[in-house]
Q: 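Shown below is the structure under consideration.
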Amino acid sequence: MQNLAFYQAKAQMVRREIFEKFVLLQQGHPGSTFSMADIAVALYYGNFVRKDPKDSSRLYDKVIVSKGHATSCIYPILVDLGVIPTKEWENWGRDVSQLRVFGNVRIPGIDATSGSLGHGLGIAAGFAMSFKRRKSDRRVFVVISEGELYEGSIWESLLFINHHRLDNIHIILDRNELIILGNTESCLRLDPIKEKIASFGFQVHECNGHDFGAILHTLEQMTSSQHPACLVANTVKGKGVKMMENKAQWHYWNPLSEAEVELCRKDLQ
Amino acid sequence: MKHQRDEFITELFNRAKQDRDVFLLSADFGAPALDQFRDQIPEQFIHCGISEQNMIDMAAGLALDGRKVFCYAMAPFVSLRCLEQHKCAAGMMNLSVCTVVAGVGLGYADAGPTHYATEDLACLRAIVNSHVVTASDGEVARLLAADAVERPKFSFVRLDRHPSADLSPGATMEDIRRGYRIMRKGKRLAIVTQGFMLSRTLAVLEGSAFDDVAVIDLIQAKPVPSELVDILASCNVIMSIEEQTPSGGLGSAVLEAMVDRGMIKPFHRLTLPERYFSENGGRMKLLEIGKLAPEDIARKIETILAS
């Protein structure tokens, strides 16, 4: 395992790359993308998502970003790992490219098309069930947002995953506390989230979603456990760019002046 | 008399024993044939609970891992309750997920309008990439299962609730592959119908004085087979009969296909009215209220042929 500085540098790379792309595109969802950046870095560079031993350009395990508006967060990582061709990344916003703000299965390394909330966990359950019945040791990581917990389908999936003891699914809940109209607890209360998920039979962990030591340690616990598990990762929406941090309006891209772009770039150095 | 659901699932079971990638998922909806499937090949069966949304999302995950997935539940719920799952999970990724929509039309008349599937055809055929087929008898249902395993795709198979005798001429795999079967030939009037309304239409014509009337069982309402339009080109007047509400169903599908080929002909639609039924009395009574009784069909044919 690498030292923490390695992960922090990778996370800065991810945020920097995706920020420049959003500036170019004048679109994107920086708040949610940046809140899950550290989680994504831990998953891939911590080798929880393993490469296919038969083909290093492919991944062995599955990752579903159910909060599809943040999928672009993993593109720089997939480029770095050689899964997405560099040319695709360079062309995005400039020329023909398969890449989109919302991911889809035509993009190498994207295991499920997402965008509409509440589908990813069910799709993950299908993958996990299929792997179990093949007696395969493949894992499925699924990143959901707390806003997705408002969708009833999530709770249908939790019920199913627990019943079948699908310990090959690892749920990471990116809890940045914000949805479009404000704070989740004041818009429509979700708490106590941990207890609710635990009551469905899950082993629930909680950590600071920007503390690599804590994330890596918890993922290690989850992947070595024979219990359906969920990590509630407490995060900051827009993490890493001060003017975006904890600001609901940065769910979407907003126009920035040149001076503001430079300020953001400084934060991401 | 055959139950379409048992014919379909028995064929699926026979295929699944040979093809370990065939999976049957149920949202707590049964059939005698389903019991055989889950007893004998439980590793290919999944009970999803009464959770249609999760069932379709999960089917997508299974299909992404190369499985041929069949989702089975009562028509109104497995069609519209999880419509967005059909679109976003199975349709958008164009996966081999076949949803078996059991009890279409007013099949569950006694249960009331929550249990009707009288808008499902319009909704399901609107989803990009969908194939929508309807069984009109047990043999068609059996053949549709065989075809669905042999040519897996994002599809919906609509089945009737009640048992019925196989219609004549008997269906063949060729009929399934081309998407329709010609039940009667004629030029003055062509009736396009499917499902339960097919047997009702044939019964009306049987022994009647109406002649030169074609009847086509449009098994595949989406995509409408282009050959159907060629056949309709040689007929003077077209009529569609369906156990669906007026917006976007079978008649709409046939009209769209004709207009897209530049064909304009006199066209009459017999559908259920734009309303839900709360009356008691069962399916036949509701069809009578909805003006789809045999007498209504006969009267309409008579009027068309007289004009």
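Order of the sequence lines fixes the chain letters, A, B, ..., with proteins taken first and strands second; residue numbering starts at 1 for each chain.
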Q: Regarding A/His119 and B/Gln53, do their side chains bring together a donor and an acceptor under 3.5 Å, going by distance alone?
A: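 Note: A/His119 and B/Gln53 side chains miss the donor-acceptor criterion.
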
Q: Can you tell me how far the OG atom of A/Ser153 sits from the CE atom of B/Met55, to the nearest 0.5 Å?
A: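 So the OG of A/Ser153 and the CE of B/Met55 are separated by 13.5 Å.
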
Q: Would you please say whether a donor-acceptor pair under 3.5 Å links the side chains of B/Asn54 and A/Ser157?
A: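 Yes, side-chain donor-acceptor contact under 3.5 Å.
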
Q: What distance separates B/Asp57 CG from A/Phe160 CZ, expressed to the nearest 0.5 Å?
A: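 Spacing of CG (B/Asp57) from CZ (A/Phe160) equals 11.5 Å.
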
Q: Identify the residues of residues 52-76 of chain A whose heavy atoms come closer than 4.5 Å to a heavy atom of chain B, ordered by number, or report 'none'.
A: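 Heavy-atom contacts from residues 52-76 of chain A to chain B are absent.
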
Q: Any chance you could measure B/Cys48, atom SG, to A/Leu159, atom CG, to the nearest 0.5 Å?
A: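 Here the interatomic distance stands at 11.0 Å.
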
Q: Which bit of A/Asp111 is near chain B, if near means a heavy-atom gap under 4.5 Å: side chain, backbone, both or neither?
A: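 Contact with chain B: backbone only.
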
Q: If we only count heavy atoms from C-beta on, is the B/Leu25 to A/Met129 side-chain gap below 4.5 Å?
A: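 When only atoms from C-beta onward are counted, A/Met129 and B/Leu25 do not touch, as no gap falls below 4.5 Å.
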
Q: Is it the case that more than 12 heavy atoms not belonging to B/Arg177 sit under 6.0 Å from its CZ atom?
A: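 Enclosed.
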
Q: Counting only non-hydrogen atoms closer than 4.5 Å, does A/His164 touch chain B with its backbone (N, CA, C, O), its side chain (CB onward), both, or neither?
A: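 The side chain, not the backbone.
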
Q: Among A/His163, A/Glu156, A/Glu151, single out the residue with the greatest number of heavy-atom pairs under 4.5 Å to chain B.
A: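 It is A/Glu156.
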
Q: For B/Arg81, look at atom CZ and say whether over 12 heavy atoms of other residues, nucleotides or ligands are found less than 6.0 Å away.
A: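 No, CZ of B/Arg81 has 12 or fewer neighbouring heavy atoms, counting only those of other groups under 6.0 Å.
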
Q: Answer yes or no: does atom NZ of A/Lys87 have more than 12 heavy-atom neighbours from other residues, nucleotides or ligands under 6.0 Å?
A: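 Count not over threshold, so no.
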
Q: Indicate the atoms forming the closest heavy-atom contact of B/Glu84 with A/Ser116, along with that distance.
A: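 Looks like OE2-OG, 2.7 Å.
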
Q: For the atom pair OG (A/Ser130) and CG (B/Leu64), what is the distance rounded to the nearest 0.5 Å?
A: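 Spacing of OG (A/Ser130) from CG (B/Leu64) equals 9.5 Å.
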
Q: What are the two closest heavy atoms between B/Ala89 and A/Ile123, and how far apart are they?
A: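 Here B/Ala89 and A/Ile123 meet closest at CB-CD1, 4.3 Å.
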
Q: Could you look at A/Arg134 and say if it's the side chain, the backbone, both or neither that has a heavy atom under 4.5 Å from chain B?
A: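 Both backbone and side chain.
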
Q: To the nearest 0.5 Å, tell me how far B/Met92 CE sits from A/Thr113 OG1.
A: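 One finds 7.5 Å between CE of B/Met92 and OG1 of A/Thr113.
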
Q: Any chance NZ of A/Lys196 has more than 12 other-residue heavy atoms, nucleotides or ligands included, within less than 6.0 Å?
A: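 Yes - once you tally the heavy atoms of other residues, nucleotides and ligands closer than 6.0 Å, there are more than 12.
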
Q: Answer yes or no: is there a side-chain heavy-atom contact under 4.5 Å between B/Ile46 and A/Arg133?
A: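 SC-SC contact between B/Ile46 and A/Arg133 confirmed.
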
Q: Should we say atom CD of A/Gln226 is surrounded by more than 12 heavy atoms from elsewhere, each under 6.0 Å from it?
A: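 Check fails, neighbour count at 12 or below.
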
